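Following: one structure in structure tokens, then a few remarks.
The analysis underlying the following values was restricted to heavy atoms, covering all of them including side chains, and did not include hydrogens, waters or symmetry mates. This one's a predicted model, so the numbers in the text were calculated from it and none came from an experiment. Within every chain, numbering begins at 1; the chains are lettered A, B, ... in the order of the sequence lines, protein sequences first and strands thereafter.
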Amino acid sequence: MAELPKAYDPALTEDRIYKMWEDSGAFKPTGKGEPFTISMPPPNATGQLHLGHAVMLALEDIFIRFARMQDKDALWVPGTDHAAIATESVVIKRIQKEEKMPDPRAKLGREELLRRIADFVEKSRGTIRSQVRKMGSSCDWSRERYTMDESLNRCVNEVFCSMYNDGLIYRGERVVNWDTALQTTISDDEIVHEDREGTLYTIEYLSAKQTGGAAVHVATSRPETKIGDSALVVHPDDKRYHSLIGKSFTVQWPRGIETKITVIADHSIDPAFGTGVLGLTPFHSKTDEELWKRHKGEITSAPIHLIGENGRMRKEAGGYAGMTVEEARAALVEDLRSEGRLVKEEKYTQPISLSYRSGKPVEPLPKLQWFIDVNKPVVQWKGKSMSLKQVMQDVVQSGDISIVPDRFEKTYFHWIDNLQDWCISRQIWWGHRVPVWYKGEEISVGTTAPGGKGFEQDSDTLDTWFSSALWTWSTLVDPKLTQDFSLSLSDILKNSPDFQRYHPTAVMETGYDILFFWVARMILMTTYATGQVPFRKVYLHGLVRTRDGKKMSKSHPETMIDPLDMISKYGADALRLSMIVGQGPGADSRLYEEKIAGYRNFINKLWNASRFVLMQCEQAGVDPQSIEKLPDVSTLSLADRAILSREQAVMQHVTDGLINYRLSEVGEALYSYVWDDYCDWYLELSKGNANTAVLVHTLRKILILLHPYCPFVTEELWSSIKPKKAGMLIAEQWPGLKPERKDAKAEAEFLVLISVIQSIRKLRTDQNIEPGKQVPITLCTDAHAELLTSQAEHIKRMGKLSELTISGTKQKPADAASAFLDGIEVYLPLEGLVDTGKEKTSLTKEQANLEKFISGIEGKLQNKEFIKKAPPALIEEQKAKLCEAQDKLKKISERLKAL
RNA sequence: GGGCAAUUAGCUCAGCUGGUUAGAGCGCCACAUUGACAUUGUGGAGGUCACAAGUUCGAAUCUUGUAUUGCCCACCA
């Protein structure tokens with residue numbers, strides 16, 4: 001048997017073990033048993049693994065290993081995401097910086113830029129792959145996918161066409177969110193709202209002369225858009241403006257600009273805000289556009305497209321054309337001021353919309369784009385025609401999909417309620433190109449280019465979430481089939497064995513921050529495209545924060561914890577535990593190095609416990625691998641019987657916990673079982689009279705139960721201690737319960753033994769006995785004499801006793817320090833050396849505790865209502881406790897009196 | 001403006017369906033260094049469970065309200 005080193009060294013172990021797993025094919029599904037699939041949320045193909053990925057990988061690896069050990073047909077599909085906007089902008093920035101090329105898109109052209117991005121991605125994907133391996137992720141690499149794979153592209157195109165044919169995808173001129181920095185549209189979800197200090201300007205919009213009554217003032221935070229107004233909107237009940245409703249005016253603006261507006265009424269207007277009049281700018285505000293659509297018929301003038309995609313005023317802005325929005329605002333305000341039309345300027349907290357991607361303000365402007373209609377009731381679902389929204393609601397409401405923690409179901413429904421048509425086209429090049437071709441007025445939508453000359457493909461690409469939304473199933477279709485264009489999507493699905501067997505997936509695990517971006521979109525697209533839900537359960541983890549609860553951010557590198565650093569320092573197992581234990585689903589958590597180091601210590605504890613077991617075997621001349629069966633339980637020692645009984649409880653707890661996704665609790669339970677029960681008591685008590693069969697058996701169980709959490713160290717130890725015939729731990733079967741091993745009496749007696757030893761140790765400390773010195777002890781007991789006698793050797797060794805006397809309660813040694821347990825009196829005879837002060841302090845404290853406890857219980861028991869209504873078992877329990885406590889109190893009081 | 005969550009030891013967190021003398025890890029104090037482990041062991045100190053009212057025989061746990069903190073959503077121009 002090879003000697004294990006004194007401390008566990010993950011660096012010498014992890015890569016070797018991972019390779020062994022991978023080479024053995026253990027990550028591949030067996031094809032037998034109940035299928036259990038996880039789709040790995042694909043990390044961006046650009047970057048580095050961060051803690052968010054690490055948490056995801058750890059959780060999913062636990063799920064999948066547990067399933068695999070339960071003999072399920074476990075498949076975990078890995079992959080990477082092309083991350084359209086993020087990747088393109090990263091590569092463009094690099095080229096700009098490294099090659100001093102200000103506009104790579106213009107200079108390189110579409111084809112060359114795409115080639116460069118693809119190159120870059122290929123390199124990064126290699127990095128990501130190796131980092132995913134470092135975490136110990138047991139995913140099936142032979143099924144690895146990439147969102148830009150040809151087969152996935154086929155799926156994307158198929159879904160696009162099918163939705164187009166169903167009228168769910170349409171092209172329309174609408175106000176969209178324009179990111180002027182990235183020069184593309186973005187979806188509503190990619191907008192972040194922020195409050196900024198702004199100014200609310202009140203301007204004289206119509207003069208008294210024009211209205212024939214009072215002048216009309218309008219408050220606005222964006223004066224520059226007012227020259228693009230089509231209407232003024234007031235509340236229908238607002239008496240101030242009653243006479244104006246329905247009238248049209250020509251508004252004179254500085255620099256010779258003239259607009260025509262109509263005054264209309266709408267209930268959405270708040271008469272108390274500003275002047276109660278809203279200047280309606282249909283082309284540069286989504287809300288205004290909505291309002292405008294409702295009142296189109298009443299408004300005579302057409303909307304004005306004022307702001308261009310470059311963020312500058314267009315020629316429609318007359319004298320302000322060419323200025324940036326900010327410049328135009330300043331200029332117009334000055335002009336109005338000099339005309340005396342600037343009535344008021346006030347400080348104002350303005351909610352503004354920023355691009356999630358670029359961090360720059362989003363400019364709403366009209367643009368011809370592709371959208372997904374979420375309200376059209378044409379999706380066949382459960383025999384009904386529903387809208388995409390309705391299907392999304394149904395699957396969660398009906399329980400086809402459940403979300404952990406369930407409060408996020410509310411959030412999800414709320415999001416759907418507010419969901420509007422999804423703008424899916426992007427003006428970037430990196431991504432799945434919109435499968436539409438144009439020739440003059442002619443449009444061709446298809447998975448392949450149309451025949452005939454003169455067709456040109458739409459230059460836009462699809463939102464990256466469009467392809468990610470297909471992830472759970474597009475990764476399972478047979479790539480060969482996708483090359484055959486005579487097949488329909490449903491043919492492909494029907495004939496793809498993996499899709500047939502492994503979809504829907506069992507659980508989707510991801511951060512709550514992409515519930516809307518991704519999880520909801522997967523539900524939307526997958527139900528439509530496949531008629532199945534993408535997954536049965538959604539498990540959401542929270543954000544990993546710094547020790548102070550701050551967000552880790554790239555701009556503050558000192559706040560970042562790099563998972564790979566931590567792995568090389570403490571090992572992947574320790575990192576995994578530190579991210580799982582102590583954090584519930586959906587809640588943010590804090591991570592810091594000491595925490596990881598703590599779990600490294602735990603791993604090392606396990607390592608040394610195993611060394612101890614191996615050493616015991618060696619000393620007994622037993623080959624641990626040859627141990628197969630447990631001896632007859634009745635022949636075993638108290639400690640053996642107790643640990644075997646505890647083991648059953650732990651096994652049950654762990655299994656139930658994993659089934660119910662209570663990972664933190666399970667981790668804690670295992671931690672304390674291994675460290676407290678197993679190492680501190682069971683192994684200690686085994687010294688000198690070890691039963692190697694039980695030692696080996698219980699250690700094996702520990703390795704099995706811990707394997708999903710810390711796969712590396714457990715696998716490594718398994719090789720020394722597994723039964724000869726057994727294979728790798730990763731493929732080991734999850735143990736079933738053996739209720740006959742439960743032994744409440746043994747566990748109770750074990751606790752008595754522990755409490756005796758602990759109380760002796762405390763007496764020693766209280767009496768300042770040198771740690772090495774052996775002392776005599778007398779235990780006086782009527783109830784536990786037999787037990788204590790049988791355990792005398794243990795008590796002597798662990799209490800470092802020179803002599804142990806066990807007697808009845810009638811004879812008590814004089815001149816001894818004392819302590820009192822339930823039914824046992826512990827005496828440390830010291831021949832005149834007893835530190836009575838210390839003993840008094842200790843006993844007085846105990847006395848006070850007991851008195852408090854007793855009066856509490858007595859209060860309860862004297863309460864008639866309690867006696868009447870509490871469950872009888874509880875009452876009995878309380879009575880028993882009271883007796884014990886009173887007995888103990890009596891002894892302590894007597895002793896105190898004697899002192 | 002709407003919604004959601006959190007508030008338990010110095011720090012990070014458990015405490016599941018109400019009955020515990022309220023727990024863990026780290027940190028702290030004291031002690032211990034030759035055979036599993038100092039990445040350790042032994043013993044200890046430390047909490048009116050944010051506040052208030054209510055339900056109940058009984059509340060850290062349920063209800064309501066308040067406060068503080070954080071997050072999400074939202075068309076006050």
Using both distances under 3.5 Å as the test, list the Watson-Crick or G-U wobble partner of [N], or none.
| N | value |
| --- | --- |
| U33(B) | none |
| C28(B) | G44(B) |
| C71(B) | G3(B) |
| C49(B) | none |
| A9(B) | none |

Output the single nucleotide from [options] whose closest atom is nearest the side chain of [X].
| X | options | value |
| --- | --- | --- |
| N601(A) | U40(B), U42(B), U12(B) | U40(B) |
| T411(A) | A45(B), C72(B), C13(B) | C72(B) |
| N608(A) | A45(B), A5(B), A36(B) | A36(B) |
| R662(A) | U40(B), C16(B), U21(B) | C16(B) |
| R761(A) | U39(B), U42(B), A5(B) | U42(B) |
| R545(A) | G35(B), C71(B), C37(B) | C71(B) |
| R611(A) | G25(B), A36(B), U39(B) | A36(B) |
| R590(A) | U12(B), G19(B), A45(B) | U12(B) |
| R547(A) | A36(B), C11(B), A74(B) | C11(B) |

Under 3.5 Å, is there a donor-acceptor pair between the side chain of [X] and the main chain of [Y]?
| X | Y | value |
| --- | --- | --- |
| T546(A) | D548(A) | yes |
| E289(A) | V175(A) | yes |
| R222(A) | R329(A) | no |
| K550(A) | T559(A) | no |
| H284(A) | I307(A) | yes |

Would you mind classifying the nucleic acid contact of [X] as base, sugar-phosphate or nothing, using non-hydrogen atoms under 4.0 angstrom?
| X | answer |
| --- | --- |
| K864(A) | nothing |
| K6(A) | sugar-phosphate |
| G582(A) | sugar-phosphate |
| K605(A) | base |
| E684(A) | base |
| N418(A) | sugar-phosphate |
| P351(A) | sugar-phosphate |
| Q758(A) | sugar-phosphate |
| K687(A) | base |
| E290(A) | nothing |
| E409(A) | nothing |
| W675(A) | sugar-phosphate |
| I603(A) | nothing |

Query raised in the report: Are any of the side-chain heavy atoms of S842(A) and K762(A) separated by less than 4.5 Å?
Result: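 Answer yes - side chains close enough.
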Over how many whole Å does the gap from [X] atom [atom1] to [N] atom [atom2] extend?
| X | N | atom1 | atom2 | value |
| --- | --- | --- | --- | --- |
| K860(A) | G18(B) | NZ | C1' | 12 Å |
| D680(A) | G43(B) | CG | P | 9 Å |
| D766(A) | G43(B) | CG | P | 12 Å |
| F853(A) | U20(B) | CZ | P | 9 Å |
| E877(A) | U20(B) | CD | C1' | 9 Å |
| I857(A) | G58(B) | CD1 | P | 17 Å |
| L280(A) | C76(B) | CG | C1' | 14 Å |
| L540(A) | C71(B) | CG | C1' | 14 Å |

For atom [atom1], what is the distance between [N] and [M], given to the nearest Å?
| N | M | atom1 | result |
| --- | --- | --- | --- |
| A53(B) | A59(B) | C1' | 13 Å |
| C16(B) | C72(B) | C1' | 26 Å |
| U8(B) | C62(B) | P | 15 Å |
| G25(B) | A14(B) | C1' | 10 Å |
| C49(B) | C13(B) | C1' | 13 Å |
| C76(B) | G3(B) | P | 16 Å |
| G15(B) | A60(B) | C1' | 8 Å |
| A74(B) | U12(B) | P | 32 Å |

Requested in this report: Answer yes if the ring centres of F517(A) and Y356(A) are under 6.0 angstrom apart, and no otherwise.
Outcome: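 Distance test on ring centres: under 6.0 Å, yes.
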Report task. Report the relative orientation of the aromatic rings in Y8(A) and W607(A); use parallel for angles under 30°, tilted for 30 to 60°, perpendicular for over 60°. Result ->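 Tilted.
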Requested in this report: Please work out whether the ring planes of Y512(A) and F408(A) are parallel, tilted or perpendicular, with thresholds of 30° and 60°.
Outcome: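 Aromatic pair Y512(A)/F408(A) classed parallel.
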Query raised in the report: With distance as the sole criterion, do the side chain of R600(A) and the base of U39(B) form a donor-acceptor contact below 3.5 Å?
Result: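 Under the 3.5 Å cut-off, the side chain and the base do form a donor-acceptor pair.
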